[in-house]
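Worksheet: one structure, shown below.
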2 protein chains.
Amino acid sequence: MFALPQIASSPAVPSASRASRASAESAERLVSQVRREAVAETLQLLVRTLAPRKGLVHAGDMIYRAGDPFGCLYILNSGLVKIVKLTPDGREQMVGLKFRGDWLGFDGIARAGYGCDAVAMDTGEVWAVRYDALLVACGRHPALLTALHEAMSRVISRDRDTLMSVCTLPADARVANFLHDWAQSLGARGLRTDHITLRMTRAEIGNYLGLTLESVSRALSKLAREGMISFVEKGRREVHIPDLEALAGFVQRALCVERVVLQ
Amino acid sequence: MFALPQIASSPAVPSASRASRASAESAERLVSQVRREAVAETLQLLVRTLAPRKGLVHAGDMIYRAGDPFGCLYILNSGLVKIVKLTPDGREQMVGLKFRGDWLGFDGIARAGYGCDAVAMDTGEVWAVRYDALLVACGRHPALLTALHEAMSRVISRDRDTLMSVCTLPADARVANFLHDWAQSLGARGLRTDHITLRMTRAEIGNYLGLTLESVSRALSKLAREGMISFVEKGRREVHIPDLEALAGFVQRALCVERVVLQ
DNA sequence: CGTTCGATTGAGGAAGATCAATTAATGTGG
DNA sequence: CCACATTAATTGATCTTCCTCAATCGAACG
C-alpha cells in the first residue's frame with residue numbers, strides 16, 4: 001500500500017507552492033545535460049537488442065504517410081525530419097521537428113495507422129523497428145522498454161512546450177523560442193549550440209509557428225538588428241547565435257511584458 | 001527480414017497520394033467508435049491486474065504538481081481534469097483537458113518529475129498506479145502494456161490536433177472546434193454529444209485556446225446567433241449542440257476561406 | 001438586498017496578415 | 001561563363017483580426 005498525498009487534499013494552495021516551482025526549471029536544464037549521453041546510449045541499445053533495419057533518406061523523402069497502416073516505429077540516427085499533418089482541405093500543417101535520437105510514428109500505435117506524414121529535410125539515416133518485435137524485445141530487455149517510454153514521454157512534454165509557445169508568445173519571441181529550442185536540441189546531442197543550419201524556408205517556419213512568412217522574416221531581421229542572431233554571409237539560412245542565454249532572455253522578456261491572456 | 005517500402009523512395013509524390021488521404025479521415029471516425037467500449041474495457045483491465053488506489057477529488061484539487069517527483073500514473077475514472085503549465089513568470093497556461101479513461105502524468109516519465117499541474121475541475125474519481133508496479137504487471141499482462149502505449153499514443157495524436165487548431169483556425173472556429181472536440185470526446189465514451197457542461201470560465205477557455213475571454217465570449221455569441229449552439233436557460237455554461245456535423249462544417253468552412261499561412 | 005464574480009457588448013488601438021514591389025540567391029540553357 | 005528564369009527573402013504600405021479598455025448586465029452568495 002502506498003500513500004497518495006496529493007489526492008483529496010484541500011483546494012489549490014498557490015502561495016505555499018510558488019517557491020518549489022523554480023526547482024522544476026533547473027531540473028529541466030539537468031535533463032538536457034543527462035541526455036547528451038543518453039541519446040547515444042539508447043541508439044546503441046537498439047542496435048544490440050533489435051538490429052534495426054537501416055535506411056538512407058534524402059531531403060523530400062517520405063518515411064511514412066498519414067493513413068499508412070502502422071507497423072513500425074522509426075528512430076532517427078542522423079538528419080532532420082518534419083512531421084506534417086494534412087488539413088481536410090488539402091493544406092499542410094507542420095506539427096513537429098525531429099532530430100538525431102528521436103522516435104517517429106508513436107501516433108500510429110492507437111489508431112493502427114499513422115496520423116501524419118514524416119518527411120526528411122536532409123540526408124539522414126533512419127532505423128525502422130517493427131512494433132511487435134520491439135514489444136517482444138522489451139520483454140527480454142527492460143532497458144529497452146524504459147527507453148521507449150521515455151521517448152514517448154519526451155514527445156508529450158515537448159509538444160506541450162510548443163503549444164504553450166504558440167499560445168503565449170508574440171511573433172518575435174515565437175521565432176526566437178524556435179531558434180532557442182533548436183539550438184538546445186543540438187546541444188543535448190553534443191553538437192554546437194551557436195550555429196543552426198535552417199533546412200527550411202521562411203514559409204515552412206511560419207507554418208510551424210502559426211505565422212506568415214513575412215512575419216518570420218521580420219522577426220529574424222529584428223533579432224539580427226538586436227544582435228541576438230546573425231546570418232553567416234551568402235545565404236540567410238545559416239544562423240549564428242552568439243549567446244544562447246541572451247536569446248532565452250529575449251523570450252522571457254516578451255512573456256513578462258506582452259500578452260496576458262488569462263485574467 | 002522485412003521490407004521498408006517507404007524508405008529511400010523517390011521524393012514526395014503529392015498527386016498520386018491525395019486520394020488515399022481521405023481514408024485516414026474515415027479511419028479516424030472508426031477509432032472513436034471502437035473506443036466507446038475500449039475505455040471501459042481498459043478500466044476493467046486495470047482493476048483486475050493492478051487494483052489501483054482510488055481517490056475522490058473535488059473541483060480545485062491538485063492531483064499532482066509540476067516539480068513533484070514522478071512515481072505514479074493516474075487514470076481518470078470520472079470527472080474532468082485540466083493540465084496546467086506554469087510559465088517562468090508565474091502565469092498559468094492550460095495545455096490539456098482530460099476525460100474519463102484518460103491517463104495523466106506521462107510527461108513525468110522522462111524527466112523524473114511532473115512537468116505540469118493536474119487540477120480537478122469537477123468531482124471525480126482518480127485511480128493511481130505506481131509506475132514501477134505497472135511495468136511489472138505489464139510483464140504478466142501484455143494487454144496492459146498495449147493499453148498503456150495506446151493511451152500515450154492517443155495523447156500525442158490529440159496534442160497535435162490541438163496545435164494544428166491553434167495554428168490554423170481563426171478565433172470563432174477555434175472555439176467551435178473546441179466544443180466539437182469536447183462533444184466528440186463525450187461521444188467516444190458513450191455519452192450524449194448534444195450537451196456540454198462547461199466547467200470552466202471564459203477566461204480559462206481563452207487561456208487554453210490562446211484567446212482573450214472577450215474573444216471567447218464573442219465567438220460563443222456568434223455561434224449561438226448562427227444556430228450552431230444554444231445556451232440552456234439560466235446560466236451560460238450549459239451548451240446545447242443541435243447538430244455536431246454542422247459545427248464541424250463551421251470549422252471546415254473557416255479553414256477553406258480564412259487564414260492561408262502556407263503559400 | 002447589496003456585493004462579487006462572470007459574461008456580454010461596444011469603442012479604440014496594436015499586432016500581425018495581406019498585398020505589392022524589390023532584392024538576393026539558385027538554377028538553366030545557350 | 002553569362003544572360004535569363006525561377007524561387008526565396010526582404011521591406012514597405014494597407015487592412016483585418018483580435019486584444020485592450022471600459023461600461024453594463026446577470027447570476028450567485030452571504
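In the text below, chain A, chain B and the rest are named by the order of the sequence lines, each starting its count at 1.
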Mind calculating the distance between [atom1] ([X]) and [atom2] ([N]) to the nearest angstrom?
| X | N | atom1 | atom2 | answer |
| --- | --- | --- | --- | --- |
| A/E238 | C/dT26 | CD | P | 10 Å |
| A/L209 | C/dA15 | CG | P | 19 Å |
| B/L223 | C/dT8 | CG | P | 12 Å |
| B/L220 | C/dG6 | CG | P | 16 Å |
| B/K222 | C/dG10 | NZ | P | 15 Å |
| B/D172 | D/dT17 | CG | C1' | 10 Å |
| A/R225 | D/dT11 | CZ | C1' | 10 Å |
| A/R174 | C/dG16 | CZ | C1' | 10 Å |

Ionic contact status for B/D102 with B/R189, cut-off 4.0 Å
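Result for this pair is yes, salt bridge flagged.
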Salt bridge or not for B/E204 and B/K82, using N-O below 4.0 Å?
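Looking at B/K82 together with B/E204, the answer is yes, because their closest N to O distance falls below 4.0 Å.
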Could you give the distance from [atom1] ([X]) to [atom2] ([Y]), rounded to the nearest 0.5 Å?
| X | Y | atom1 | atom2 | result |
| --- | --- | --- | --- | --- |
| A/W127 | A/L104 | CH2 | CG | 13.5 Å |
| A/I156 | B/W103 | CD1 | CH2 | 11.5 Å |
| B/K98 | B/I75 | NZ | CD1 | 12.0 Å |

B/K85 vs B/D117, test: salt bridge (Lys or Arg N to Asp or Glu O under 4.0 Å). Steps then yes/no.
CA-CA 6 Å; B/K85 239 174 131 65; B/D117 298 343; over 6 Å; no
Go through D/dC19, C/dG16, D/dT11 for me and flag the one nearest to the A/P170 side chain.
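Nearest listed nucleotide: C/dG16.
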Quick one: which of D/dT10, C/dT9, C/dA17 gets closest to the side chain of A/F231?
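In terms of side-chain proximity for A/F231, the closest of D/dT10, C/dT9, C/dA17 is D/dT10.
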Under 3.5 Å, which protein N or O atoms sit close to an N or O of nucleotides 19-21 of chain C? Give each pair with its distance.
unit_1 : atom_1 : unit_2 : atom_2 : d
C/dC19 : N4     : A/E214 : OE2    : 3.1

Could you list the protein-to-nucleotides 6-9 of chain D atom pairs, N/O on both sides, closer than 3.5 Å?
unit_1 : atom_1 : unit_2 : atom_2 : d
D/dA8  : O3'    : A/R237 : NH2    : 3.3
D/dA9  : OP1    : A/R237 : NE     : 3.2
D/dA9  : OP2    : A/R202 : N      : 2.9

May I ask you to decide if the ring planes of A/Y114 and A/Y74 are parallel, tilted or perpendicular, using 30° and 60° as cut-offs?
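Rings of A/Y114 and A/Y74: tilted, as their planes differ by 30° to 60°.
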If the condition is side-chain hydrogen bond (donor to acceptor under 3.5 Å, both in side chains), which residues does A/D194 pass it with, not counting sequence neighbours?
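Testing A/D194 for side-chain hydrogen bond (donor to acceptor under 3.5 Å, both in side chains), a comparison that skips the adjacent residues, returns A/R192.
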How large an angle, rounded to 10°, do the end axes of the helix from C/dC1-D/dG30 to C/dG30-D/dC1 enclose when each is built from five base pairs?
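Its terminal axes enclose an angle near 40°.
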Extract all donor-acceptor atom pairs below 3.5 Å that involve side chains of residues 216-231 of chain B and protein atoms in other chains or at least two apart in sequence.
unit_1 : atom_1 : unit_2 : atom_2 : d
B/S221 : OG     : B/S217 : O      : 3.0
B/K222 : NZ     : B/D172 : OD2    : 2.8

Could you pull out all residues at least two apart from A/F99 that satisfy ring pair (Phe, Tyr, Trp, His ring centres under 6.0 Å)?
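Expected list: A/W182.
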Heavy-atom side-chain contact between B/D159 and A/R160 under 4.5 Å:
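Answer yes - side chains close enough.
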